[in-house]
Trainee: 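One structure is given below, represented as structure tokens, and several questions about it will come after.
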Amino acid sequence: MITRLPDSNGEFTISDENLNRALEQVSLGFWEVNLVSGNFMSCTAQCKRNFGWETDRPFSYGDMLGRIIPEDLPEMQNQVLRSINDKTDYFAEYRVRHPDNSIRWIRAEGKVDYHQGVPQRISGTTSDITKIKNIELLRDELINVAMHELKTPLSTVKMALQLL
């Protein structure tokens with residue numbers, strides 16, 4: 001455990017415990033998939049939690065794919081392939097089903113590492129964005145209701161103007 005007070009530049013080092021606590025609070029997990037050795041996957045405990053997996057159990061790439069809602073899986077896999085083929089950053093948002101049947105939204109981001117032009121591994125982060133997605137859905141519903149409520153009186157006014 002390393003803890004230092006800020007130096008003259010205002011920089012300081014925090015302990016692994018504090019870092020892990022901060023990452024857990026924002027549901028940020030780290031993962032890496034080895035593209036050379038059969039998609040072997042390693043990830044942090046928080047990454048496993050994001051997928052509803054027990055942290056003391058091994059978690060494979062296949063296990064991860066098995067948690068993704070089937071309708072979202074093709075797009076997620078397309079994003080991985082696009083990232084590898086186009087040498088671009090990986091970004092995907094998809095839903096996963098936890099063991100209690102709850103549905104959670106995951107945002108996954110990453111980068112592919114190449115050696116002599118051959119993709120070696122892809123690594124990045126996952127975060128649980130369910131709260132953000134729920135707020136977006138509420139916002140969209142509110143906008144739809146407001147638009148409908150505005151259209152009704154405007155239609156009446158429009159008809160009256162047409163009669164005039």
Side-chain angles (χ1 to χ4, degrees), residues 1-140:
M1 182 183 306
I2 301 170
T3 305
R4 268 194 340 223
L5 294 175
D7 61 19
S8 61
N9 295 326
E11 300 288 329
F12 66 93
T13 304
I14 61 172
S15 68
D16 287 344
E17 179 183 345
N18 288 339
L19 177 60
N20 288 333
R21 184 177 301 135
L23 294 174
E24 186 177 312
Q25 288 173 351
V26 295
S27 301
L28 188 64
F30 294 90
W31 54 270
E32 181 175 286
V33 176
N34 187 321
L35 300 171
V36 177
S37 65
N39 289 343
F40 172 77
M41 181 175 179
S42 59
C43 64
T44 62
Q46 184 58 50
C47 180
K48 291 178 183 181
R49 280 192 287 275
N50 288 342
F51 286 90
W53 200 260
E54 295 175 28
T55 58
D56 59 345
R57 290 179 51 210
F59 187 59
S60 70
Y61 189 71
D63 295 328
M64 189 247 338
L65 294 177
R67 292 291 181 160
I68 298 175
I69 299 295
E71 295 85 8
D72 295 351
L73 188 56
E75 180 60 24
M76 174 269 184
Q77 291 176 315
N78 285 339
Q79 292 300 327
V80 170
L81 289 174
R82 184 188 63 75
S83 178
I84 292 169
N85 294 333
D86 297 347
K87 297 184 178 184
T88 59
D89 290 348
Y90 167 68
F91 177 85
E93 291 181 355
Y94 46 83
R95 296 166 293 165
V96 297
R97 184 177 306 279
H98 281 212
D100 64 0
N101 276 331
S102 65
I103 303 294
R104 309 294 295 177
W105 277 93
I106 299 295
R107 174 177 291 146
E109 300 180 61
K111 282 189 170 291
V112 179
D113 293 323
Y114 298 85
H115 178 69
Q116 297 179 345
V118 177
Q120 301 295 303
R121 68 177 178 264
I122 182 170
S123 58
T125 61
T126 61
S127 53
D128 185 328
I129 58 167
T130 305
K131 290 178 184 176
I132 294 167
K133 284 294 189 178
N134 288 340
I135 290 170
E136 288 175 0
L137 290 171
L138 286 173
R139 179 202 63 206
D140 292 347

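Reckoned from all heavy atoms, side chains included, excluding hydrogens, waters and symmetry mates. Position 1 is the first residue of the sequence; numbering continues from there.
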Trainee: To the nearest 0.5 Å, what is the distance between CE on Met41 and CD1 on Ile122?
Mentor: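 Interatomic distance, Met41 CE to Ile122 CD1, rounded to 0.5 Å: 10.5 Å.
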Trainee: Do any pairs count as a ring pair (Phe, Tyr, Trp, His ring centres under 6.0 Å) and have a residue in residues 54-79, sequence neighbours left out, and if so which ones?
Mentor: Phe51-Phe59, Trp53-Phe59
Trainee: Going by salt bridge (Lys or Arg N to Asp or Glu O under 4.0 Å), name the residues that satisfy it together with Lys133, two or more places apart in sequence or in a different chain.
Mentor: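 Per chain and number, Lys133 pairs via salt bridge (Lys or Arg N to Asp or Glu O under 4.0 Å) with Glu93, Glu136.
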Trainee: Show the nearest heavy-atom pair for residues Cys47 and Trp31, with the distance to one decimal.
Mentor: SG-CB, 4.0 Å
Trainee: Counting distance only, does the side-chain N/O of Asp128 pair as donor-acceptor with the main-chain N or O of Ser27 below 3.5 Å?
Mentor: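 No, Asp128 side chain to Ser27 backbone: no donor-acceptor pair under 3.5 Å.
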Trainee: What are the two closest heavy atoms between Thr55 and Ala45, and how far apart are they?
Mentor: CG2-O, 3.6 Å
Trainee: Would you list the pairs meeting salt bridge (Lys or Arg N to Asp or Glu O under 4.0 Å) in which at least one residue belongs to residues 68-77, sequence neighbours left out?
Mentor: Asp72-Arg95
Trainee: As an exercise, state the distance from CD of Glu109 to OG of Ser123, rounded to the nearest 0.5 Å.
Mentor: 12.5 Å
Trainee: Drop me the distance from Thr130's OG1 to Ile103's CD1, to the nearest 0.5 angstrom.
Mentor: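 It comes to 9.5 Å.
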Trainee: Arg67: which residues meet the salt bridge (Lys or Arg N to Asp or Glu O under 4.0 Å) condition with it, sequence neighbours left out?
Mentor: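 For Arg67, no residue satisfies salt bridge (Lys or Arg N to Asp or Glu O under 4.0 Å) once neighbours in sequence are set aside.
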Trainee: Only pairs at least two apart or in different chains count here, so list each ring pair (Phe, Tyr, Trp, His ring centres under 6.0 Å) that has a residue in residues 93-116.
Mentor: none
Trainee: If you take all heavy atoms of Gln46 and Leu28, which pair is closest and at what distance?
Mentor: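 Closest approach of Gln46 to Leu28: CG-O, 3.4 Å.
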Trainee: Find the distance between NZ (Lys111) and CG (Asp89) and round it off to the nearest 0.5 Å.
Mentor: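 It comes to 3.5 Å.
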Trainee: Calculate, to the nearest 0.5 Å, the distance between atoms CZ and CG belonging to Phe40 and Leu35 respectively.
Mentor: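 Between atom CZ of Phe40 and atom CG of Leu35 there are 13.0 Å.
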Trainee: Determine yes or no for a side-chain-to-main-chain donor-acceptor pair under 3.5 angstrom, with Thr125 supplying the side chain and Phe30 the backbone.
Mentor: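 Flag not set: sc Thr125 to bb Phe30 has no pair under 3.5 Å.
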Trainee: For the residue pair Gly29 and Asn50, what are the closest heavy atoms and their distance?
Mentor: N-ND2, 3.9 Å
Trainee: What distance do Cys43 atom SG and Arg49 atom CZ have between them, rounded to the nearest 0.5 Å?
Mentor: 10.5 Å
Trainee: How would you list, by chain and number, every residue that makes a side chain to side chain donor-acceptor pair (under 3.5 Å) with Asn39, sequence neighbours excluded?
Mentor: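 Side chain to side chain donor-acceptor pair (under 3.5 Å) list for Asn39, sorted by chain: empty.
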Trainee: Run the numbers on Leu81 and Gln77 for side chain to side chain contact (heavy atoms under 4.5 Å, CB included), then give the verdict.
Mentor: CA-CA 6 Å; Leu81 289 174; Gln77 291 176 315; 5.6 Å; no
Trainee: Check whether more than 12 heavy atoms from other residues, nucleotides or ligands sit under 6.0 Å from atom CZ of Phe91, and answer yes or no.
Mentor: yes
Trainee: Val80 vs Tyr90, test: side chain to side chain contact (heavy atoms under 4.5 Å, CB included). Steps then yes/no.
Mentor: CA-CA 6 Å; Val80 170; Tyr90 167 68; 3.5 Å; yes
Trainee: If you compare all heavy atoms of Gln120 against all heavy atoms of Val36, which two are closest, and at what distance to 0.1 Å?
Mentor: OE1-CG2, 3.4 Å
Trainee: Where do Ser83 and Val112 come nearest, in terms of heavy atoms and distance?
Mentor: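 Closest heavy-atom pair between Ser83 and Val112: OG-CG2, 3.5 Å.
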